[in-house]
Amino acid sequence: MTQVPITLAEATEKAKELRIQLNQYSHEYYVADKPTVEDYVYDRLYQELSDIETEYPDLITSDSPTQRVGGKILQGFEKVTHEVQMYSLNDGFSKEDIYDFDERVQKLAGKQVGYCCELKIDGLAISLKYENGKFVQGATRGDGTVGENITENLKTVKSIPLELKKPISVEVRGECYMPKQSFVNLNKEREEAGQDVFANPRNAAAGSLRQLDTSMVAKRNLSTFLYTVADFGPMTAQTQFDALNELSEIGFRTNPEKKLCQNIDEVWAYIEEYHEKRSELPYEIDGIVIKTNEFTIQDELGFTVKAPRWAIAYKFPPEEAQTVVEEIEWTI
Ligand SMILES: NC(=O)c1cc2c(=O)c3cc(F)ccc3oc2nc1N
């Protein structure tokens, strides 16, 4: 037990100081992937804050790092209605599909358009709501109109900010996923405990977010990449590429491999590049998402009943069976 400040005033001041410092270290580690201190420095400060909060429970705040460990047993997940529909993407499976998509877009837009290309993270789509900078609600996509409220579980996901860098009200969407190495470690643990193993990281992430014991979710090392702004609030981006940078500036984790392509040939080159690089990435991707970059074009093209006309997901062909077997042999 570290020396706890004797007065409430000292404890209040010290707790605030520790919270700010710990949240900064946590942002560097889990969001920016650029830690600046060793774990033992974080752990010592964390223990100091935890001791103060034990002594003075009224000092616990919703954005305290001690709230990340979970510990609530939920009865179930309430339903959430998405004010802004959460669509899925139309898929493309060949070079021809991608060039046909570009032809349709150019015809509808009446001109050549630029595309923002992103890796298609193989996880679970989530929607995050913030009011005055504070995380207030997290939900699954569900059927696009009604999803499940998984706020308490998402609070334990370290890359999801409990408080934004600006006190703004926005709704953003992205992917919650389990890194490949965490998936291998989890399945090893489950195998040793005689439990069923997960077939892939996506199922492991989905299964983790369905846990009713939030302390279990906290141990699953889930992460996120955010990629859509549903309710802009005061955000000013006019293109998808800028929106990704703005999401990062206000505190979200975004994928660094994005590329702004001036034409479909550059898009196809990007697809081939990451089809090659896929196995080196520390997370699973199942393709590439291609979006018209200008929001004015997206507004012009709009949505069909099920998907945006201004985007397409190119799906990589399934890997040959022997590759998967080799991977399994390696993990055992
Ligand atoms: N899995 C992904 O990495 C990913 C998924 C989507 C979507 O599902 C998606 C769905 C829409 F209706 C519109 C944009 C989208 O953008 C997206 N961007 C991504 N990078």
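We count ligands from 1, going down the list as the structure has it; atoms in each ligand are counted the same way. In what follows, every heavy atom counts, from backbone to side chain, and hydrogens, waters and symmetry copies are set aside. These numbers were taken from a predicted model, which means no experiment stands behind them.
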* Which residue owns the protein heavy atom closest to atom 1 (N) of ligand 1, what's the atom, and how far is it? ->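 Ranking protein heavy atoms by distance from atom 1 (N) of ligand 1, first comes I121 O, 3.1 Å.
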
* Asked: Among protein heavy atoms, which lies nearest atom 12 (F) of ligand 1, and at what distance?
  ->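 Heavy-atom neighbour on the protein nearest atom 12 (F) of ligand 1: Y87 CB, 3.1 Å.
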
Ligand 1 atoms in contact with [X] (distance to a heavy atom under 4.0 Å):
X: L89; value: 6 (C), 7 (C), 8 (O), 9 (C), 10 (C), 11 (C), 15 (C)
X: R141; value: 8 (O)
X: S88; value: 12 (F)
X: E175; value: 1 (N), 2 (C)

* **Crowding at CZ, R210 (>12 non-hydrogen neighbours, <6.0 Å)** =>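 Counting other residues, nucleotides and ligands, CZ of R210 stays at 12 neighbours or fewer.
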
* Got more than 12 heavy atoms from elsewhere within 6.0 Å of CD, E78? ->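 Counting other residues, nucleotides and ligands, CD of E78 stays at 12 neighbours or fewer.
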
* Asked: Under 30°, 30 to 60°, or over 60°: which ring-plane class applies to F252 and Y130, parallel, tilted or perpendicular?
  ->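 Because their plane-to-plane angle is over 60°, the rings of F252 and Y130 count as perpendicular.
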
* Measure the acute angle between the ring planes of Y314 and F316, then classify it against the limits of 30° and 60° as parallel, tilted or perpendicular. =>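 Aromatic pair Y314/F316 classed perpendicular.
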
* Counting heavy atoms only, which of K120, K306, K291 is nearest atom 18 (N) of ligand 1? ->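 Nearest heavy atom to atom 18 (N) of ligand 1 lies in K291.
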
* **From the candidates F303, W310, Y227, the one that places a heavy atom nearest atom 19 (C) of ligand 1** =>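 Considering heavy atoms of F303, W310, Y227, the nearest to atom 19 (C) of ligand 1 sits in Y227.
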
* Asked: So, does S64 use its side chain to make a donor-acceptor pair with the main chain of T66 at under 3.5 Å?
  ->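 The answer is yes, because a donor-acceptor pair under 3.5 Å joins these two groups.
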
* Check each of I297, N293, I312, T292 against Y115 using the side chain to side chain contact (heavy atoms under 4.5 Å, CB included) test, and report the only one that passes. =>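 Answer after filtering I297, N293, I312, T292: T292.
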
* I52 pairs by side chain to side chain contact (heavy atoms under 4.5 Å, CB included) with which of Q47, R19, K14? ->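 The option that passes is K14.
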
Is it the case that ligand 1 has an N or O less than 3.5 angstrom from some N or O of [X]?
X: E118; value: yes
X: V289; value: no
X: P308; value: no

* Asked: Below 4.0 Å from any atom of ligand 1, is there a heavy atom belonging to A307?
  ->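 Distance cut 4.0 Å: A307 fails for ligand 1.
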
* **L119 to ligand 1, any heavy atom closer than 4.0 Å** =>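 Yes.
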
* Is the Y42-Y29 ring centre distance short of 6.0 angstrom? ->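 That pair fails the under 6.0 Å test.
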
* **Aromatic F183 / basic K180 pairing, under 6.0 angstrom, 45° off normal** =>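 Pair K180/F183 does not count as cation-pi.
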
